[in-house]
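For reference, the structure discussed in these notes is given below.
As the structure is a prediction and not an experimental result, all values here were calculated from the model.
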Amino acid sequence: QVRLVESGGGLVQAGDSLRLSCAASRLTLNDAAVGWFRQSPGKERNLVAAISVVGGTYSVDSVKGRFTISRDNAKNLVYLQMNSLKPEDTAAYYCAAVLPIKRTALPQGQNEYEYWGQGTQVTVSL
């Protein structure tokens, strides 16, 4: 059974940085497209950033220039480096993965991903 586990969340102040990690068991993340989603209470879960099998990336406008998604293939990890955090970044962050047909695919919808982690909370205070 594939399992994804997020780590690295926490309580920080505005302007601080955090690095989230997504680790997988029974799945080689090198072969997967991986996305980071976030969800605030009462709101929908939305994509923050995605990375393709070949390393192409996508991020939403609200985090461009602040968040970076990357891979460490040797460690079977995907990271989300979050800089210049803002209170509006406060949310539960989830990683998701799928084995895509195209190695260049950058899935952006929740229903395009097959495997999900349990989430890690990021809280940004003023």
Side-chain angles (χ1 to χ4, degrees):
Q1 183 176 356
V2 172
R3 185 178 180 216
L4 300 181
V5 179
E6 304 93 338
S7 61
L11 172 62
V12 296
Q13 293 186 325
D16 286 351
S17 298
L18 281 174
R19 188 177 74 167
L20 306 183
S21 298
C22 176
S25 58
R26 298 185 180 271
L27 176 68
T28 301
L29 289 178
N30 307 0
D31 297 330
V34 178
W36 282 99
F37 289 75
R38 66 184 178 187
Q39 186 172 23
S40 302
K43 295 188 177 180
E44 294 183 352
R45 187 177 300 186
N46 293 313
L47 180 72
V48 175
I51 187 165
S52 71
V53 173
V54 296
T57 62
Y58 168 84
S59 59
V60 296
D61 287 345
S62 60
V63 306
K64 280 182 179 176
R66 299 189 300 124
F67 291 12
T68 303
I69 188 169
S70 63
R71 296 179 175 279
D72 186 329
N73 289 340
K75 295 182 178 180
N76 202 32
L77 293 171
V78 171
Y79 301 111
L80 184 68
Q81 177 67 44
M82 306 187 296
N83 299 328
S84 302
L85 282 161
K86 304 176 181 180
E88 51 263 44
D89 295 318
T90 295
Y93 283 72
Y94 301 86
C95 71
V98 63
L99 296 174
I101 296 174
K102 292 185 178 180
R103 293 170 58 83
T104 56
L106 283 166
Q108 298 179 27
Q110 291 188 62
N111 59 359
E112 297 181 79
Y113 288 89
E114 183 171 0
Y115 307 109
W116 289 84
Q118 294 300 306
T120 186
Q121 179 67 35
V122 172
T123 303
V124 185
S125 63
L126 287 170

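- Between Gln39 and Lys43 the shortest heavy-atom distance is NE2-O, 3.1 Å.
- With Trp36 as reference, Leu80 is the one residue of Leu47, Ile51, Leu80, Val63 to meet the side chain to side chain contact (heavy atoms under 4.5 Å, CB included) rule.
- Ring geometry for Phe37 against Tyr113 counts as perpendicular: the plane angle is over 60°, on a 0 to 90° scale with 30° as the lower cut.
- Remark: Gln118 CD to Cys95 SG distance equals 10.0 Å, nearest 0.5 Å.
- Although no hydrogens or angles enter the test, the distance criterion places no donor-acceptor pair under 3.5 Å between the side chain of Asn76 and the main chain of Thr28.
- Taking OG of Ser70 as the reference point, atom CG of Leu77 lies at 9.5 Å (rounded to 0.5 Å).
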| request: Given side-chain contact (heavy atoms from CB on, under 4.5 Å), test Val60 with Asn46 step by step and report yes or no. | output: CA-CA 9 Å; Val60 296; Asn46 293 313; over 6 Å; no
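- Residue Lys75 places its NZ atom among 12 or fewer non-hydrogen atoms of other residues, nucleotides or ligands, all under 6.0 Å distant.
- At least one side-chain heavy atom of Met82 sits less than 4.5 Å from a side-chain heavy atom of Leu20.
- Between the CD atom in Gln1 and the CZ atom in Arg26 there is a gap of 8.5 Å [rounded to 0.5 Å].
- No more than 12 heavy atoms of other residues, nucleotides or ligands shown are found within 6.0 angstrom of CD on Glu44.
- Other residues, nucleotides and ligands contribute more than 12 heavy atoms inside 6.0 Å of the CD atom of Gln121.
- Taking the six-membered ring where tryptophan is involved, the planes of Tyr93 and Phe67 are tilted, since the angle between them lies from 30° to 60°.
- No single ILVMFWY cluster, assembled from side-chain heavy atoms under 4.5 Å apart, contains both Tyr79 and Val12.
- Hydrophobic clustering places Val124 together with Tyr94 (ILVMFWY residues linked when any side-chain heavy atoms are closer than 4.5 Å, directly or through intermediates).
- The OH atom of Tyr115 sits 5.5 Å away from the CG atom of Leu99 when rounded to the nearest 0.5 Å.
- In this structure, the side chains of Ile69 and Ser59 stay at 4.5 Å or more apart for every pair of heavy atoms.
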| query | Stepwise, does the side-chain contact (heavy atoms from CB on, under 4.5 Å) test hold for Leu29 with Arg71? | reply | CA-CA 8 Å; Leu29 289 178; Arg71 296 179 175 279; 4.2 Å; yes
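- Contact record, Gly56 with Leu106: O-CD2, 3.3 Å, taken as the closest heavy-atom pair.
- Put simply, Trp116 and Val78 are part of the same group of oily side chains (I, L, V, M, F, W, Y) that touch within less than 4.5 Å, one to the next.
- Put simply, the side chain of Gln81 never gets that close to the backbone of Arg19: no donor and acceptor are under 3.5 Å apart.
- Ion pairing between a basic and an acidic side chain is recognised when a charged N comes within 4.0 Å of a carboxylate O; Lys64 and Asp61 show such pairing.
- Contact record, Val34 with Ala97: CG2-CB, 4.2 Å, taken as the closest heavy-atom pair.
- For the residue pair Ala105 and Ala33, the shortest heavy atom distance occurs at O-CB, 3.9 Å.
- How far OG of Ser17 is from CG of Leu85: 6.5 Å, rounded to the nearest 0.5 Å.
- Across Gly119 and Glu6, no two heavy atoms sit closer than the pair N-OE1, 2.8 Å.
- In terms of heavy-atom proximity, Ser40 sits nearest to Thr90 at OG-O, 3.0 Å.
- With contacts defined as side-chain heavy-atom distances shorter than 4.5 Å, the pair Leu27/Leu4 qualifies.
- Ser84 contributes atom OG, which lies 7.0 Å from atom CZ of Arg66 (distance to the nearest 0.5 angstrom).
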